[in-house]
There are 2 protein chains.
Amino acid sequence: MSTIFIPKHIHPTYSNTVFNDCLLFHDMTPHELDRLENYAEQSKCEEGEYLFRQDTPADFVYNVISGSVAIERIFTNGRRQIIGFLFPGDFIGLTHSPNYDCAVRCLTKVEFYKFSRKRLNTLSEEVGHLKQNMEQIKSAIFSRVMEQLYVLGQKKALERLCFLFMQLLERLPGARADRVELYMSRQDMADYLGLTIETVSRCLAKLKSDGLVAFPKLNHLQILNLPAVSELAEC
Amino acid sequence: MSTIFIPKHIHPTYSNTVFNDCLLFHDMTPHELDRLENYAEQSKCEEGEYLFRQDTPADFVYNVISGSVAIERIFTNGRRQIIGFLFPGDFIGLTHSPNYDCAVRCLTKVEFYKFSRKRLNTLSEEVGHLKQNMEQIKSAIFSRVMEQLYVLGQKKALERLCFLFMQLLERLPGARADRVELYMSRQDMADYLGLTIETVSRCLAKLKSDGLVAFPKLNHLQILNLPAVSELAEC
DNA sequence: CGTTACGTTGATGATATTCAAGGACTGTGG
DNA sequence: CCACAGTCCTTGAATATCATCAACGTAACG
């Protein structure tokens, strides 16, 4: 049954081919999906655990079914840079190098499909659609990283936070302006945006006091003034 | 004659497979190189000209023979982020998207090979080595961008400049600690490192007064205290 | 010799970091 | 149910860092 391979999280309501990576399955015939299915193994991981660590063999490719993860890089001096957050539908580990160059930490309990990278590559040689789609996903990832480069290089703390909010709103399946779940800690936001945790906290307070956002709960964001937040986030 | 395809700039003295992208030609047989040769066209471009602009059709892949270029992205607000600098041996335009997502400006007069991307892709389907090499180059590029992310996110102005210096020293063919040619303007450095031109200028003055570097000419850098500069640049 | 583009330097203010203290939430054991 | 510890978050004050605005040098070129 190839339908197993169109998981709920890529249902049209969620499917945003620009921001989520579900398009691995795009345009594939039922037969092709069947073959892909044989390569997958479903599994899960608890909050705080690592799917994999930096510099370990890059043997698998993951597709998030539910939950959120952070992609992080640790440097020799011990400082950490978070490269991005991934959500249901996103792919992880589509690297070409023999080892992962990032670690992947679960922000929540995470369910995922796990593919042998070797076999996926073999299959992609035979199934044109798959290959195309993998390339496009890599393209999208690269494009996101370049956007982040700009944000870190040019934007102020308040704007960076708004950028994160807009990104979450666009990429989190089921997120709406009045309900965006922040699965990451303040420290995670700081490490993603190149700020300190105190600056993040202060900026959240400022955005709140200016009436742009609200926090009914600590990690439950409401965007009250979407045009303003979007304006600040603008690239 | 396939030897045309082992241009001078990838002669062993220069060839650094980690930092330069010459490895497109790695492990290829003379016959394969012959075929590649048929796909190439040699050309040049003057200082200040653009090889191509952002959002134009990505029809070609370029390989720099001599000179330096800057990869830049312009955003809606008019601000510019330089993604990187490329030098002899480096490849440009290895994107998968239909349009270039960056512009490429020549910092000097630039000689290059120009390949039809379509034909290069076709060839890479048949020539395993070529395909492998292209993937590895993309990997290296991605890895550089992630390093830059870290620099912009976590490092101070002085450290960013040292990072640039070390990068130039490693990637510029023929560069030595006592002779690194800075082909870019102060503004280019600023846009690369996420700083203003004034901050760049002040930091250069500080590094100079601290005896870490010298500038016999405005764009001719000497690294006097390599361990110290390297230490500051450290990731 | 003047113009122009690019680079430097100074004074000032904005922005973010650091260090330190105090709250808020969670889970555990009494 | 409460007390307690531990973790995460917030807030304040002092400081460091960088950006901005403005003036001044300098090198290249007609």
remark   = DNA chain D nearest-nucleotide lookup for A:R186 and A:G153: closer to the 5′ end is A:R186
query = Are the ring centres of A:F60 and A:F52 closer than 6.0 Å?
reply = no
request  = Can you sort out the partners of B:S185 under side-chain contact (heavy atoms from CB on, under 4.5 Å), two or more places apart, ordered by chain and number?
outcome  = B:Q187, B:D188
query = Using the C1' atoms of the five pairs at each end, what is the angle between the end axes of the helix from C:dC1-D:dG30 to C:dG30-D:dC1, to 10°?
reply = 20°
request  = Tell me, please, which residues at least two apart from A:K155 pass side-chain hydrogen bond (donor to acceptor under 3.5 Å, both in side chains).
outcome  = none
task = Quick one: list whatever passes ring-ring contact (aromatic ring centres under 6.0 Å, His included) with A:F75, sequence neighbours left out.
result = B:Y150
message = With a 3.5 Å distance limit and no angle check, can you tell me whether A:R160 reaches the backbone of A:L193 through a side-chain donor-acceptor pair?
response = yes
Any residue meeting side-chain hydrogen bond (donor to acceptor under 3.5 Å, both in side chains) with A:E47, in chain and number order, not counting sequence neighbours = none
task = List in chain and number order the residues that pass ring-ring contact (aromatic ring centres under 6.0 Å, His included) with A:Y192, two or more places apart in sequence or in another chain; answer none if no residue qualifies.
result = A:F85
inquiry  = So, using ring-ring contact (aromatic ring centres under 6.0 Å, His included) as the criterion, who are the partners of B:F163 when residues are at least two apart?
reply    = none
Whole-Å gap separating P (D:dA22) and CD1 (B:I197) = 17 Å
query = Restricting to pairs with a member in residues 197-207 of chain B, which pass salt bridge (charged side-chain N to carboxylate O under 4.0 Å, His left out), not counting sequence neighbours?
reply = B:K206-B:D210
request  = Provide, to the nearest angstrom, the distance between the CE atom belonging to B:M189 and the P atom belonging to C:dC6.
outcome  = 14 Å
ask   = Quick one: A:L158 CG to C:dA14 C1', roughly how many Å, whole number?
value = 13 Å
request  = Hey, could you give me each pair passing side chain to side chain donor-acceptor pair (under 3.5 Å) that has a residue in residues 217-229 of chain B? Not counting sequence neighbours.
outcome  = B:R179-B:H220, B:R186-B:N219
key: Sidechain-backbone polar pair: B:N63 side chain, B:I92 backbone, donor-acceptor under 3.5 Å   = no
query = Distance-only, no hydrogens or angles: does the B:R117 side chain make a donor-acceptor pair with backbone N or O of B:D59 under 3.5 Å?
reply = no
Sort me out a list of protein N/O and nucleotides 17-20 of chain C N/O pairs below 3.5 Å, or just none if empty.
| unit_1 | atom_1 | unit_2 | atom_2 | d |
| --- | --- | --- | --- | --- |
| C:dT17 | OP2 | A:T196 | N | 3.4 |
| C:dT17 | OP2 | A:T196 | OG1 | 3.2 |
| C:dT17 | OP2 | A:T199 | OG1 | 2.3 |
| C:dT18 | O4 | A:R202 | NH2 | 2.8 |
| C:dC19 | N4 | A:E198 | OE2 | 3.2 |

remark   = So, with a heavy-atom separation below 4.0 Å from DNA chain D, the residues of residues 213-223 of chain A are A:L218
query = Strictly by modelled atom types, are B:Q81 and A:Q154 linked by a side-chain donor-acceptor pair under 3.5 Å?
reply = yes
Enumerate the protein-to-nucleotides 3-5 of chain C contacts in which both atoms are nitrogen or oxygen and the separation is below 3.5 Å.
none

request  = Rounded off to whole Å, could you give me the CG-to-P distance for the B:L161 and C:dT8 pair?
outcome  = 11 Å
